[in-house]
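Shown next, in structure tokens, is the structure this report addresses.
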2 protein chains.
Amino acid sequence: MNVMNDSPRRKELTRQAAQLFVQEGFDRTTVRMLAQEMGIKSGSLFHHFRDKQEILAAVIEEGTQNALVIARAALEQCDNSAEARLQAMARAHLETLLTDRNAHVVALYEWRRLDPEARNHLSHLRDAYEALWEAVIDEALAAGLIHGDRFLVARFVMGALNWTVRWYDPAGPRSPDDLAHELVAMITHRA
Amino acid sequence: MNVMNDSPRRKELTRQAAQLFVQEGFDRTTVRMLAQEMGIKSGSLFHHFRDKQEILAAVIEEGTQNALVIARAALEQCDNSAEARLQAMARAHLETLLTDRNAHVVALYEWRRLDPEARNHLSHLRDAYEALWEAVIDEALAAGLIHGDRFLVARFVMGALNWTVRWYDPAGPRSPDDLAHELVAMITHRA
DNA sequence: GGGTCAACCAAGCAAGCGCTAGTGTAAATG
DNA sequence: CATTTACACTAGCGCTTGCTTGGTTGACCC
């Protein structure tokens with residue numbers, strides 16, 4: 001019933017929605033629960049979002065955009081060596097997974113709840129992010145740092161990293177930097 | 001309204017439920033949809049299962065039990081070398097992911113929909129499976145085949161493998177055996 | 001040939017769902 | 001000062017949900 005702007009108000013509501021979606025899952029989260037968390041009534045919610053689906057899309061878009069920004073920044077300000085770039089990407093990935101944890105968990109678990117339109121839009125964003133990864137993997141392959149099939153290595157590495165949302169405890173003894181180091185050490189073949 | 005037996009009828013119903021849960025997700029799958037898929041009326045469903053939750057638990061239990069059986073068989077009939085055992089586990093993991101794909105996708109995506117009781121029971125099963133992995137990783141570490149932290153390596157490897165359900169196409173050119181080979185090659189450090 | 005039992009059905013209840021309609025109001029805008 | 005805009009409210013419609021109730025069927029058993 002209104003514009004789909006990106007006001008700071010809407011950003012804050014999106015953040016709160018992400019939290020609830022993680023706790024309850026998208027389908028079990030009712031618009032009444034969302035409204036209560038936001039401190040408004042359920043009807044008022046539809047002033048900010050066209051429907052429930054749009055809230056989900058907003059959550060995922062926010063997380064993916066941030067991942068892109070962080071990864072690009074990390075690649076710009078690191079050494080040129082293939083190993084440094086590989087590590088920078090892994091570290092940036094883990095950092096995003098941590099700081100925007102809710103949004104990324106939602107993206108991983110609730111992707112299929114998106115309607116085709118939103119899914120199409122968001123998969124372009126995700127492709128842009130994955131292209132960064134593939135470029136870095138290509139450099140590492142060319143440098144002889146890792147071996148194997150470009151496609152498979154990229155999938156395996158992203159799988160290992162994304163899986164951390166299921167077990168990693170940020171309050172534990174290991175930092176994201178430690179994890180990135182260990183992963184790179186695990187897959188690189190040096191003398 | 002009846003016993004929680006494991007009749008062949010119930011096994012078949014469980015298999016069909018798994019398929020629907022993958023297609024639609026647990027929350028969006030209604031008991032009426034399940035009943036229709038099974039060729040019975042929605043009320044009759046509660047003759048076989050106490051409630052909807054129990055169907056979910058049955059699906060996941062079935063998949064995890066099979067994974068255990070397959071992994072144990074693979075370890076028994078492979079060479080004793082650390083590398084052969086690592087590869088046997090990876091291959092068995094991918095095979096299970098393929099043959100019981102529906103059950104495992106449900107386990108990955110809908111785990112949090114389990115009630116605490118079922119979750120507790122099933123996490124013991126899962127722990128038994130992961131213990132197999134940790135033993136094999138330990139052997140590989142002791143043999144100098146891989147380096148790093150036991151806990152982290154195990155998590156990374158399982159993450160890489162489990163992630164395959166999101167992209168692997170069994171109709172494609174690569175066999176599960178190829179994937180297992182590539183993964184082991186990626187993480188082992190040989191001369 | 002009466003009794004048992006798993007398997008199934010028709011009907012429906014109470015609760016909850018996403019979303020709409022219409023209204024109020026304080027601040028920004030002309 | 002008059003109007004628009006942004007944001008919130010109340011009330012509730014039309015529909016779906018998981019699950020229950022009470023009863024029927026047909027195969028098997030002593």
Side-chain angles (χ1 to χ4, degrees), chain A residues 1-60 106 110 112-119, chain B residues 1-60 106 110 112-119:
Chain A
M1 277 313 191
N2 70 326
V3 283
M4 304 181 276
N5 59 8
D6 43 18
S7 61
R9 177 79 174 129
R10 184 173 145 130
K11 268 222 164 106
E12 170 62 12
L13 297 180
T14 301
R15 218 185 44 81
Q16 291 176 309
Q19 162 122 21
L20 256 183
F21 286 162
V22 168
Q23 269 176 39
E24 308 285 334
F26 177 70
D27 289 322
R28 290 182 108 82
T29 303
T30 69
V31 295
R32 287 166 178 81
M33 291 163 66
L34 286 165
Q36 186 167 31
E37 185 85 359
M38 297 165 176
I40 58 179
K41 300 297 176 183
S42 68
S44 313
L45 213 157
F46 295 91
H47 172 74
H48 301 279
F49 303 92
R50 194 181 324 148
D51 53 22
K52 198 186 165 193
Q53 282 271 344
E54 197 183 271
I55 309 180
L56 177 61
V59 166
I60 297 182
V106 169
E110 317 285 0
R112 296 173 324 153
R113 301 288 154 260
L114 292 166
D115 55 39
E117 196 181 344
R119 179 152 32 190
Chain B
M1 275 317 194
N2 71 328
V3 284
M4 304 178 278
N5 59 7
D6 42 18
S7 61
R9 179 73 175 130
R10 185 172 143 131
K11 268 225 164 103
E12 171 62 13
L13 298 180
T14 301
R15 218 186 43 81
Q16 290 176 309
Q19 163 124 17
L20 257 183
F21 286 162
V22 168
Q23 267 175 38
E24 307 287 333
F26 176 70
D27 289 324
R28 289 182 109 82
T29 304
T30 70
V31 295
R32 287 166 178 81
M33 291 162 66
L34 287 165
Q36 186 167 33
E37 185 84 359
M38 297 165 177
I40 58 179
K41 298 298 174 182
S42 70
S44 313
L45 214 157
F46 295 91
H47 173 74
H48 301 278
F49 303 93
R50 194 181 323 147
D51 53 23
K52 196 187 165 191
Q53 282 272 343
E54 197 181 272
I55 309 179
L56 177 60
V59 167
I60 296 182
V106 169
E110 317 285 0
R112 297 172 323 154
R113 301 289 154 259
L114 292 167
D115 55 39
E117 196 181 341
R119 177 150 37 188

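Everything quoted here is computed from the prediction, not taken from an experiment. Just so we're on the same page: letters track the sequence lines, and every chain starts at 1.
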Indicate whether OP1 or OP2 belonging to D:dA8 is found under 4.0 Å from a side-chain N or O atom of A:Arg9.
yes
What integer distance in Å separates A:Arg113:CZ from C:dG18:P?
14 Å
Are any of the side-chain heavy atoms of A:Ile60 and A:Leu114 separated by less than 4.5 Å?
yes
Of the candidate nucleotides D:dA8, D:dG18, C:dC17, which contains the atom at the shortest distance from the side chain of B:Val31?
D:dG18
Could you check how far CD of B:Gln36 sits from P of C:dC8, rounded to whole Å?
16 Å
Upstream residue (5' side of DNA chain D) when A:Leu13 and B:Asp51 are each assigned their closest nucleotide
A:Leu13
Regarding C:dG16, can its base be found pairing with the side chain of A:Arg32 as donor and acceptor, where the two atoms are less than 3.5 Å apart?
no
Which one of A:Gln36, A:Met33, A:Arg32 satisfies the side chain to side chain contact (heavy atoms under 4.5 Å, CB included) criterion with A:Ser42?
A:Arg32
Heavy atoms only, 4.0 Å cut-off, all strands: where does A:Lys41 land among base, sugar-phosphate and nothing?
base
For A:Thr30, which contact category applies under a 4.0 Å heavy-atom criterion: base, sugar-phosphate, or nothing?
sugar-phosphate
Please give, in whole Å, the distance from C:dA6 C1' to B:Lys11 NZ?
19 Å
Is any side-chain heavy atom of B:Val31 less than 4.5 Å from a side-chain heavy atom of B:Ile55?
no
In whole angstroms, how far is the C1' atom of D:dT20 from the NZ atom of B:Lys52?
17 Å
Atom pair distance, as rounded to whole Å: CD in A:Gln53 and P in C:dC17:
17 Å
Side-chain N or O of B:Arg50 less than 4.0 angstrom from OP1 or OP2 on D:dC19?
no
Tell me: CZ of B:Phe46 to P of D:dG22, nearest whole Å?
17 Å
Would you say C:dC8 has OP1 or OP2 under 4.0 Å from some side-chain N or O of B:His48?
yes
Rounded distance (Å) that lies between atom C1' of D:dC19 and atom CG of B:Leu56
17 Å
Does NZ or CZ of B:Lys52 fall inside the cone over B:Phe26's six-membered ring, less than 6.0 Å from its centre and within 45° of the axis?
yes
Are side-chain heavy atoms of A:Glu54 and A:His48 found at a separation under 4.5 Å?
no
In terms of side-chain heavy atoms of A:Ser44, which of C:dA7, C:dG18, D:dA8 is nearest?
D:dA8
Atom-pair distance (CG on A:Leu45; P on D:dC7), nearest Å
13 Å
